[in-house]
Amino acid sequence: MDCRKGEYLSNIMIRHCTRATVVLILGAAVLQFQGCGGKPQSEPTAVQTPAEPVRTPPPPPPLSEGDQLAKQLRESDPQRRVAAANRLGEMAEAGQLADGPLQQLINTYEMEDSPDVVDAVTLALGKSCHPAALDILVRSLNRDVLRISGLTLSILGANGDFKTMGILDALRKRLEEDSRPEAQLRLKEVNSAIKQIQLRAGRRVECESSPEAGGTDQPPQNASPAEAGPGSVKTDVGR
């Protein structure tokens with residue numbers, strides 16, 4: 001009797017446990033489907049913001065004519081450099097030569113090997129009447145006499161002052177001791193330049209009407225090395 005009663009109680013407990021398990025499973029399923037307004041729960045989706053449009057930087061402003069010519073002075077073709085120097089000379093004569101191209105002319109005068117380019121650049125510097133341009137021509141008189149341009153002497157004769165005449169006189173003494181034919185030719189040109197300055201009483205007649213000849217011994221302003229190009233030479237005017 002006791003054994004049967006125990007078996008009966010065990011069967012009842014198993015049935016109750018089974019029902020409880022089923023109830024728990026069904027309850028969990030109902031909660032899953034009814035958790036959000038009676039609809040199945042879904043994974044939250046990330047809010048996608050629209051990508052910012054790619055901004056293209058505006059193109060650089062076009063180069064001015066003077067800047068284009070200054071760039072042309074750094075090209076490998078000597079004829080192109082001569083053409084650029086000639087056009088810059090025209091702009092200088094018209095008072096339209098900006099500081100950047102002027103600085104490039106000065107750099108070219110210092111570094112150039114082609115005689116034709118040197119002459120064209122020398123003329124452009126002379127036409128500019130800028131104190132820095134005239135100063136670089138004066139300082140070139142300290143070179144070896146065979147590297148001194150006759151055109152430079154002519155320009156200094158036309159535009160040099162008494163200070164320039166003193167430097168020309170020192171060059172004359174050097175040339176008098178040099179027996180080379182080229183040196184003797186330069187000596188005649190130096191004497192001619194000194195005579196011109198004396199006749200003008202040291203006045204810079206050709207440059208007096210130029211806006212660049214304001215009597216200030218200052219180098220060109222706002223002329224950066226990026227504009228002047230590689231190997232730029234800074235003018236130390238007033239030394």
Side-chain angles (χ1 to χ4, degrees), residues 64-73 81-112 115-143 148-169 171 189-190 192-224 227-229 232-239:
S64 66
E65 181 186 9
D67 290 335
Q68 291 177 3
L69 293 168
K71 185 177 180 181
Q72 186 174 326
L73 277 176
R81 299 201 298 276
V82 169
N86 288 337
R87 176 58 186 143
L88 288 172
E90 294 173 358
M91 296 175 67
E93 198 168 23
Q96 300 172 349
L97 185 63
D99 290 339
L102 173 61
Q103 182 66 58
Q104 185 58 52
L105 282 170
I106 292 173
N107 296 341
T108 304
Y109 181 81
E110 287 280 89
M111 310 297 294
E112 183 60 56
D116 293 338
V117 179
V118 171
D119 285 347
V121 169
T122 302
L123 278 174
L125 290 174
K127 291 177 180 179
S128 76
C129 286
H130 195 289
L134 298 178
D135 178 78
I136 206 68
L137 297 180
V138 170
R139 287 197 288 164
S140 72
L141 301 181
N142 294 320
R143 298 174 175 176
I148 297 175
S149 165
L151 186 56
T152 297
L153 296 172
S154 176
I155 291 174
L156 292 178
N159 297 305
D161 52 16
F162 283 128
K163 181 181 177 181
T164 303
M165 189 176 74
I167 299 173
L168 287 169
D169 188 59
L171 175 60
E189 293 168 339
V190 167
S192 176
I194 291 175
K195 186 175 181 179
Q196 288 184 62
I197 295 174
Q198 289 173 334
L199 291 174
R200 292 187 287 101
R203 293 177 57 191
R204 293 177 172 177
V205 178
E206 292 188 13
C207 288
E208 281 185 350
S209 60
S210 169
E212 297 293 348
T216 162
D217 289 338
Q218 295 296 327
Q221 300 297 316
N222 303 324
S224 67
E227 294 173 320
S232 64
V233 178
K234 295 183 179 179
T235 55
D236 298 325
V237 180
R239 280 191 176 180

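Note that CD of Glu93 is 10.0 Å distant from CG of Leu123, once rounded to the nearest 0.5 Å. Taken to the nearest 0.5 Å, the CG atom of Asp169 stands 10.5 Å off from the CD1 atom of Ile197. Distance CG/Asp119 to OH/Tyr109: 9.5 Å, rounded to 0.5 Å. Rounding to the nearest 0.5 Å places CG of Leu73 at 8.5 Å from CD of Glu112. Note that CG of Leu102 is 10.5 Å distant from CD1 of Ile136, once rounded to the nearest 0.5 Å. Rounding to the nearest 0.5 Å places CG of Leu171 at 5.5 Å from CG of Leu141.
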Take Glu90 and Asn86, measure what side chain to side chain donor-acceptor pair (under 3.5 Å) needs, and give me the verdict at the end.
CA-CA 6 Å; Glu90 294 173 358; Asn86 288 337; over 6 Å; no
Can Lys71 and Asp67 be said to form a salt bridge (charged side-chain N to carboxylate O under 4.0 Å, His left out), step by step?
CA-CA 6 Å; Lys71 185 177 180 181; Asp67 290 335; over 6 Å; no
Taking it one step at a time, do Leu69 and Met91 satisfy side chain to side chain contact (heavy atoms under 4.5 Å, CB included)?
CA-CA 11 Å; Leu69 293 168; Met91 296 175 67; 3.7 Å; yes
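Taking every heavy atom of both residues into account, Ile148 and Arg143 meet most closely at CD1-O, 4.0 Å. The two residues Leu105 and Val121 come nearest to each other via the heavy atoms O-CG1, 3.3 Å. Closest heavy-atom contact between Gln72 and Ala83: NE2-CB, 4.1 Å. Closest of all the heavy-atom pairs between Val82 and Val117 is CG2-CG2, 3.6 Å. In plain terms, the two heavy atoms of Ser140 and Thr152 that are nearest each other are OG-CG2, 3.7 Å. Listed here is the closest heavy atom pair of Ala133 and Ser128: CB-OG, 3.3 Å.
Defined by atom type and a distance below 3.5 Å, a donor-acceptor pair is present between the side-chain atoms of Asn107 and Gln103.
Residues that satisfy the side chain to side chain contact (heavy atoms under 4.5 Å, CB included) test with Asn142, not counting sequence neighbours, are absent from this structure.
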